[in-house]
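Scroll down for the structure; my scribbles are underneath it.
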Amino acid sequence: EMNAVGGQEVMMTALQPKDIWEKTDRWDDKKVDNWFKTKLINGTELGVGLTHEEPIVDAVSKYVSSYKDLPFSVYQIQSKFRNELRAKSGLLRGREFLMKDMYSFCRDQDQHLEEYEKVVRAYFRVYDRLGLGDITYRTYADGGIFTPRFSDEFQTLSEVGEDTIYVDESKRIAINEEIMTDENLEKLGLDRNNLVEKKGVEVGNTFHLESKYTDALGLYYADEKGEKQSIIMGCYGIGVSRLMGVIAEIFADDKGLVWPENIAPYRVYLVRIGGEEAVKIADKLYDELITKGIEVLYDDRDVHAGQKFADSELIGIPWRVTVSDRLINDGVVELTARKDGQKTLLTAEQLLAKLS
RNA sequence: CGGGAUGUGGCGCAGUUGGUAGCGCGCACGGCUGGGGGCCGUGAGGUCGCAAGUUCAAGUCUUGUCAUCCCGACCA
């Protein structure tokens, strides 16, 4: 989805030089209190990346100089490090976490807002594809000190959430408790009477950065008249590892995890029960599935059927395919959906067709 | 940092008024069983987080220390 809105994938270093952070006045521990910092053997100080506005502006400055280069977006999926006072709730808040962060560069506010809304729509496609779209709300939140605008959080409703938000169900929009004042409600056109209090997990966040970072690091563009202009930046984050935690929390049942099909580590859990004939058929089916590009976890362990079934459910692979002596006699295999446990008997050909 | 709790075989835990450790799972071997974590037998595996101290004797008591977890501040 990031590629679809024009994002170009990059990978930045986690180790970061001090000087660029001093230019934006974010190096000092008094300004940013959750830095992990380290030193080279020669004493040079380094920061361990907690976000990447500074290094991306620094890197982009070698490629952007004209209005013709804009708009321009880059993103990465990378581990971030933040020295939180307290890590908690497993994947929901760790000091090291995986994040997708994208940065957009635009010539003016109009272009920026167009890009920004494009990314917001892409974010909802991401949440839809993960099966979270219905319970995830665009939520107004504090935009930070350097922008008059609100930022947008993407809050997935869950009792385990750390955030309190107020949802306007008819508008499919919410506002974070942190900024819920009469003044802000009026500004946003929200009516207190239509708001319902909910708990949410912040699974994404998008910010209007104005030209704070580009100006501070000296990144400008030349317009049609050759005049130097400020570049308007946006930044967009999705907490990838946190999202995994949310998905585990929301979809799991009493038997274990239930992974949505498009992010499951495997699509098929192949259970083999029985003797030589079953081994032969299962081996063949495994090869055929792999050849079709279908990821299969083959449970060829010498354990009881019940254990294989229980493990397949615990791990949460979307589809379980069972090959057994009994089924072979009928010329079929059994397909079981993890989501609802529904079972279907199919021939190998029908199975391959269905999963293709 | 404030408050609370926990560290004992690989994992999960028990261990009484101090007397040198036990259970379940897992593992190894043998056998039975064979579509929902099945059963029987035999066996391997532990400086009790670390360091001092009290004591004839410390998993157990005292002090210190380290680590982890939970609540709070903070935070994607």
Side-chain angles (χ1 to χ4, degrees), chain A residues 26 29-36 48-53 75-103 123 126 136 139 141-144 151-156 158 160-165 176-178 200-207 235-246 254-256 269-279 281-282 299 301-315 320-330 332-336 338 341 343 345:
Chain A
R26 292 213 293 177
D29 287 337
K30 291 186 198 75
K31 295 285 167 52
V32 176
D33 61 7
N34 55 2
W35 267 112
F36 277 110
V48 183
L50 75 173
T51 179
H52 285 247
E53 283 84 8
Y75 72 95
Q76 64 174 352
I77 299 168
Q78 191 216 40
S79 288
K80 296 275 187 275
F81 300 84
R82 296 185 186 179
N83 201 349
E84 306 288 354
L85 289 175
R86 184 156 85 84
K88 57 177 173 180
S89 309
L91 286 172
L92 296 188
R93 181 168 300 284
R95 295 193 175 91
E96 173 175 349
F97 57 98
L98 197 60
M99 180 170 165
K100 187 287 303 173
D101 45 326
M102 183 155 83
Y103 305 89
Y123 271 32
V126 170
T136 300
T139 304
D142 185 35
S151 69
D152 290 290
E153 292 176 344
F154 298 81
Q155 294 274 0
T156 300
S158 168
V160 302
E162 298 179 305
D163 291 308
T164 301
I165 62 171
N176 196 305
E177 181 185 41
E178 292 161 5
V201 180
E202 186 186 341
V203 293
N205 197 330
T206 57
F207 282 98
C235 77
Y236 316 86
I238 288 182
V240 177
S241 44
R242 173 182 285 177
L243 208 37
M244 283 187 69
V246 171
D254 57 351
K255 290 174 176 166
Y269 190 107
L270 180 59
V271 172
R272 182 180 84 193
I273 304 164
E276 270 176 50
E277 187 63 12
V279 171
I281 304 260
D299 193 343
R301 294 176 300 169
D302 184 23
V303 296
H304 289 262
Q307 219 175 113
K308 296 189 179 188
F309 292 148
D311 281 340
S312 77
E313 284 151 356
L314 183 67
I315 296 171
R320 180 171 76 214
V321 173
T322 307
V323 173
S324 73
D325 292 333
R326 188 191 296 169
L327 292 164
I328 288 169
N329 290 333
D330 298 332
V332 294
V333 298
E334 184 184 79
L335 180 67
T336 309
R338 176 64 182 86
K343 294 181 168 141
L345 295 177

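The chains referred to below are lettered A, B, ... by the order of the sequence lines, with proteins before strands, and numbering in each begins at 1. Predicted model only: the values in this text are computed from it and were never measured.
- Every residue meeting the side chain to side chain contact (heavy atoms under 4.5 Å, CB included) condition with A/E53, not counting sequence neighbours, appears here in chain and number order: A/R26, A/T51, A/Y103, A/L209, A/Y213, A/M233, A/C235.
- Of the P atoms belonging to B/U54 and B/U62, the separation is 15 Å, rounded to the nearest Å.
- Residues forming a ring pair (Phe, Tyr, Trp, His ring centres under 6.0 Å) with A/Y123 (at least two apart in sequence, or on another chain): A/F154.
- B/U16 and B/A73 have their C1' atoms separated by 41 Å, given to the nearest Å.
- Not counting sequence neighbours, the partners of A/T156 by the side chain to side chain donor-acceptor pair (under 3.5 Å) test are A/T136.
- With sequence neighbours left out, A/K308 forms a salt bridge (charged side-chain N to carboxylate O under 4.0 Å, His left out) with no residue at all.
- Side-chain contact between A/H52 and A/Q78: present, with at least one pair of heavy atoms (C-beta onward) separated by less than 4.5 Å.
- Using a 4.0 Å heavy-atom cutoff across all strands shown, A/S312 reaches no nucleic acid atom at all.
- With its glycosidic angle within 90° of 0, B/U20 is assigned syn.
- Under the Watson-Crick or G-U wobble criterion, with both distances below 3.5 Å, B/U68 is paired with B/A5.
- Across all strands, A/G90 comes closer than 4.0 Å to no nucleic acid atom at all (heavy-atom distances).
- Comparing the C1' positions of B/G41 and B/A14 gives an interatomic distance of 25 Å, to the nearest angstrom.
- Between B/C66 and B/C50, the two C1' atoms lie 7 Å apart (nearest whole Å).
- If you check B/U20 for Watson-Crick or wobble pairing at under 3.5 angstrom, you find it has no partner at all.
- Summarising the geometry, the separation between CG on A/L50 and P on B/A76 is reported as 9 Å, rounded to the nearest angstrom.
- Nucleotide B/U55 forms a pair with no other nucleotide shown, judged by Watson-Crick or G-U wobble geometry with both contacts under 3.5 Å.
- If you take atom P in B/C25 and the same atom in B/G38, they sit 9 Å apart, rounded to whole Å.
- Partners of A/L85 under the side chain to side chain contact (heavy atoms under 4.5 Å, CB included) rule, at least two apart in sequence or in another chain, do not exist in this structure.
- Here the separation of B/G15 from B/G46, taken at their C1' atoms, is 14 Å to the nearest Å.
- A/D29 CG to A/N34 CG: the interatomic distance, rounded to the nearest 0.5 Å, is 9.5 Å.
- Using N1 to N3 plus N6-O4 or O6-N4 for Watson-Crick, or N1-O2 and O6-N3 for G-U wobble, each under 3.5 Å, B/A28 pairs with B/U42.
- A/T206 pairs by the side chain to side chain donor-acceptor pair (under 3.5 Å) definition with A/Y116, not counting sequence neighbours.
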For nucleotides 29-39 of chain B, tabulate all protein N/O to nucleotide N/O atom pairs closer than 3.5 Å, reporting atom names and distance.
| residue | atom | partner | partner atom | Å |
| --- | --- | --- | --- | --- |
| B/G35 | O2' | A/R326 | NH2 | 3.4 |
| B/G35 | N7 | A/S324 | OG | 3.1 |
| B/G35 | O6 | A/S324 | OG | 2.1 |
| B/G35 | N2 | A/E334 | OE1 | 2.8 |
| B/G35 | N2 | A/E334 | OE2 | 3.3 |
| B/G36 | O4' | A/G306 | N | 3.4 |
| B/G36 | O6 | A/R320 | NH2 | 2.7 |
| B/G36 | N1 | A/E313 | OE2 | 3.0 |
| B/G36 | N2 | A/E313 | OE1 | 2.4 |
| B/G36 | N2 | A/E313 | OE2 | 3.4 |
| B/G37 | N1 | A/D311 | OD1 | 3.4 |
| B/G37 | N2 | A/D311 | OD1 | 2.7 |
| B/G37 | N2 | A/D311 | OD2 | 3.4 |
| B/G38 | N7 | A/H304 | NE2 | 2.5 |
| B/G38 | O6 | A/H304 | NE2 | 3.3 |

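- Using a distance-only test at 3.5 Å, with no hydrogens or angles considered, a donor-acceptor pair links the side chain of A/R338 to the main chain of A/E313.
- If you take atom C1' in B/G37 and the same atom in B/U42, they sit 23 Å apart, rounded to whole Å.
- Pairing for B/G35 is absent, with no Watson-Crick or G-U wobble pair whose two atom distances lie under 3.5 Å.
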Donor-acceptor pairs under 3.5 angstrom involving side-chain atoms of residues 322-330 of chain A: please list them, not counting sequence neighbours.
| residue | atom | partner | partner atom | Å |
| --- | --- | --- | --- | --- |
| A/S324 | OG | A/L327 | N | 3.2 |
| A/D325 | OD1 | A/G275 | N | 3.4 |
| A/D325 | OD2 | A/G275 | N | 3.1 |

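- For B/U60 and B/U55, the C1' atoms lie 13 Å apart once the distance is rounded to whole Å.
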Could I get a table of every N or O pair under 3.5 Å where one atom is in the protein and the other is in nucleotides 72-74 of chain B?
| residue | atom | partner | partner atom | Å |
| --- | --- | --- | --- | --- |
| B/G72 | N7 | A/R86 | NE | 3.4 |

